[in-house]
Amino acid sequence: AFPMLTGTLITAAGFLPVGTAKSAAGEYTFSLFAVVVIALLVSWVVAVIFTPYIGYKILPTFKPHEGEEHDVYNTAFYRRFRGWITACVRYRKTVIIATVVVFFVSVASFKFVEKQFFPDSDRAELLVDLTLEQGASVIAAKAVAERMEAKLNGNPHLENYTTYVGGGTPRFYLSLKQTLSNANYAQLVIMTKGGEHREALRSQIQEWLIEDFSDVRGRVSRLENGPPIGYPVQFRVSGKDLEVVKAKALDVAAKMRENPFVKDVHLDWYEQSPIVQISVNEEKAKSLGVSVQQVKQVVQTYLRGAPITEFRDGDELVQVVARVSEKDRSRLDMLGSFGIQTGAQEFVPLSQIATLKMGFEHGLVWRRDNMPTVTVRADVVDGKQAPDVSAMIDPTLNGLRDDLPFGFSIDMGGAIESSKESSGPIKAIMPMVGFITLTLLMLQLHSFQRSVLVLLTAPLGIIGMTWFLLILDRPFGFVAMLGGISLAGMIMRNSVILVDQIEQDVKDGLALWDAIIESTVRRLRPILLTAAAAILAMIPLTGSVFWGPMAVVIMGGLLVATVLTLFFLPALYAAWFKAVDPER
C-alpha cells in the first residue's frame with residue numbers, strides 16, 4: 001500500500017503545474033488537475049481497501065492436489081520474459097547506450113512536431129468581421145452587413161445569424177476576443193448546423209469576401225480555445241516617432257508576405273481619416289467678441305448637435321438636441337457659411353474668423369508601454385500552425401531590427417507570445433514539483449541514489465510522445481505540454497513500484513542479480529495492466545479537438561516508457577549497483 005501511495009502522490013504531483021498555473025490559460029485546465037488528483041487519491045483507497053475486501057468475498061479458494069505445485073511465474077511466457085530481462089541485465093551497457101541514443105534522436109526529432117497554443121473550438125458558430133476604411137460611417141457598415149445577410153439567407157448550412165453594427169458581439173463565450181466600438185465595423189455571429197456544415201459555410205464565405213466584398217477587409221473565423229488572441233501571427237513595431245513606426249511596420253508586412261503560409265497581412269492602424277482643420281484667427285475673433293470655445297460649440301452643434309433641454313416621457317427623461325438638417329450636415333463645404341454670434345449680437349460666417357482646410361489624421365492611435373505601436377497581423381493557411389509560422393518569419397526580420405533607430409523595437413506577438421506567457425508560470429512551479437517528487441521518493445526508498453535512478457526514467461516518455469505525435473500528425477500545444485508533465489509522474493510511479501520490489505527481495509535474502517530479474521518478472525503484470533488502463537482510458541479523448549493532443553502524448557509516451565521501464569530500468573539498476581552475474 002505504501003509504495004502505491006507514494007506512486008499515486010508522485011503522479012498527482014505531476015499534475016500540480018496544471019492546477020497552480022497563474023495565467024489566463026490556467027482557467028481552461030484547472031478542472032483537469034482537480035478531477036485527476038481527486039480520482040487518483042480515491043482510486044488508491046479503493047485499491048488497498050475495497051478491492052482486497054471484494055476479492056476476499058467473491059474469489060473462490062483453490063486447493064491444489066497433493067504433490068502438485070503451481071508457480072504462476074514459471075509458465076512458458078514468463079520463462080521467455082525472464083530470459084529477455086536476463087539478457088538486458090547481462091548486456092546492460094548495450095541496453096543503456098541504445099536507450100540513450102533513441103532518447104536523443106527523439107529529442108532532435110521533436111522539432112518536426114507542429115507547435116500550437118490552443119486549437120480552434122469545435123463549436124458550431126462562425127464569426128464574420130467586416131471592416132471598412134477608417135472614417136466610414138455606421139450607415140456604410142450597415143449596408144455592407146446587409147449585403148452579407150442577403151448572401152446568407154436561405155443557405156442550407158445555416159441555422160441563424162445575428163448582426164452587430166458599430167461594434168462586436170457581447171461576450172457569450174469565455175475565449176471570445178471582443179472588438180472595440182467603431183463606426184466602420186460590423187460583425188456577424190453565424191450559427192451553423194455544425195461539423196461539416198460549419199466548414200462548408202466557412203469556405204463559401206471566404207469566397208464571397210474575395211469576389212463580392214473587395215471594398216471591405218473581411219475575415220471569417222472559428223471560435224478560439226484558450227485565452228483569446230485574434231490574429232494568430234502578429235509582430236509589433238514600437239517607437240517614439242509615429243511615422244518611423246509606420247514605415248518600419250510596412251517593411252515588416254512586406255517580409256511577412258514573402259512567407260507562403262500567411263494570408264491577409266495588414267496593419268491594425270488602417271489608413272488615415274479625412275478631417276476638416278479649423279484654424280481660428282484669434283485676433284479677429286477677439287475683436288468681434290468671439291472665443292475659441294464658442295467656435296468649438298458652434299462646430300459641435302453643426303455636426304453632432306447640442307442638448308438644449310429635456311422633457312419627461314412617462315418615467316424617462318428625453319434629451320432635446322438642436323442641430324442642423326441632415327442635408328446640411330452631410331455637406332462640409334457649407335461649414336464655413338455657418339453663422340457665429342458676435343459680442344454685438346450679430347452673426348458672421350465662420351469663414352470670417354477661421355480658416356478651414358481639408359486634411360488627414362489617425363482616427364485611432366494604439367499604444368503599448370505608452371509608446372505608439374503598430375501591429376502587423378495575419379492569418380495562417382489551413383493545415384499550418386501559427387507558432388511554427390511565426391518562428392519561420394521571425395529570423396527574416398533580424399535585418400530590419402539591426403537598422404532600427406535607438407528606442408525602436410520589433411517584437412513577436414500572437415499565439416507564440418501567448419504560449420510563452422502561459423508556459424512561464426508552469427516553468428516557475430517545476431522546481432517545487434521536483435522537490436516534492438524527490439521528497440516522496442526519499443520517504444519511500446530511503447536512498448538518494450535510488451531516488452535519482454527513478455527520476456532518470458521520467459524523461460523516457462519523450463520518446464513515445466514524439467513519435468506518436470509525428471505518426472498521428474498531431475500538434476504539440478499547451479494542453480499537450482500539460483499531458484507531458486503529468487506523463488513523467490505516471491512513469492515514475494511504475495519505477496517506484498519496481499525499485500521498491502527489488503529492495504524487498506534483497507532484504508528477503510535474494511542476491512541482487514536474482515532480485516532484479518525476479519522483481520521485474522513479478523511486477524510485469526501490474527505495471528502493464530495499470531499502463532494499459534491509462535492508455536485505454538485516453539482513447540475516447542483522441543477525437544477531441546481540445547484534449548486530443550494530450551491524449552496522444554499520454555498514450556504514446558506511457559506505452560513506450562512502460563516497455564523501457566521493464567527493460568531499461570533493470571539494466572540501469574544492475575549497472576548502477578554493479579550486480580554480478582552468477583554464471584560469470
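In this text the structure is predicted, and so the values were computed from the model without any measurement.
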With [X], which residues qualify under ring pair (Phe, Tyr, Trp, His ring centres under 6.0 Å), at least two apart?
X      : value
Phe577 : Tyr573
Phe476 : Phe110
Phe435 : none

For Ala378 and Met256, work out which heavy atoms get closest and say how close.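 Heavy atoms of Ala378 and Met256 come nearest at CB-CE, 3.8 Å.
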Closest heavy-atom pair and its distance - Lys115, Gln385: O-CB, 2.7 Å
Check side-chain hydrogen bond (donor to acceptor under 3.5 Å, both in side chains) between [X] and all other residues, then give those that pass, not counting sequence neighbours.
X      : value
Gln449 : Trp576
Gln206 : none
Trp513 : none
Asp122 : none

For Phe235 and Asp394, run side-chain contact (heavy atoms from CB on, under 4.5 Å): C-alpha distance rounded to whole Å, both residues' side-chain angles, the deciding distance at 0.1 Å, then the answer. CA-CA 9 Å; Phe235 289 88; Asp394 189 54; 3.6 Å; yes
Considering only residues two or more places apart or on different chains, which pairs with a residue in residues 454-477 satisfy side chain to side chain donor-acceptor pair (under 3.5 Å)?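 Sorted pair list: Ser106-Trp467, Thr457-Ser495.
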Taking side-chain contact (heavy atoms from CB on, under 4.5 Å) as the test, write out the residues that go with Asn155, two or more places apart. His157, Leu158, Leu201, Gln204, Trp208
Side-chain donor-acceptor contacts of residues 94-104 below 3.5 Å, not counting sequence neighbours, with atom names and distances?
{"unit_1": "Thr99", "atom_1": "OG1", "unit_2": "Val95", "atom_2": "O", "d": "2.8"}

Is a salt bridge present between [X] and [Y], judged by a nitrogen-to-oxygen distance below 4.0 Å?
X      : Y      : result
Asp382 : Arg202 : yes
Asp379 : Arg219 : yes
Arg82  : Glu518 : yes

Please state whether the rings of Trp84 and Phe567 are parallel, tilted or perpendicular, taking 30° and 60° as the class boundaries. tilted
Could you pull out every donor-acceptor pair under 3.5 Å between side chains of residues 49-57 and any protein atom, sequence neighbours left out?
{"unit_1": "Thr51", "atom_1": "OG1", "unit_2": "Val46", "atom_2": "O", "d": "3.1"}

Mind checking what makes salt bridge (charged side-chain N to carboxylate O under 4.0 Å, His left out) contact with Asp508, not counting sequence neighbours?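 Expected list: none.
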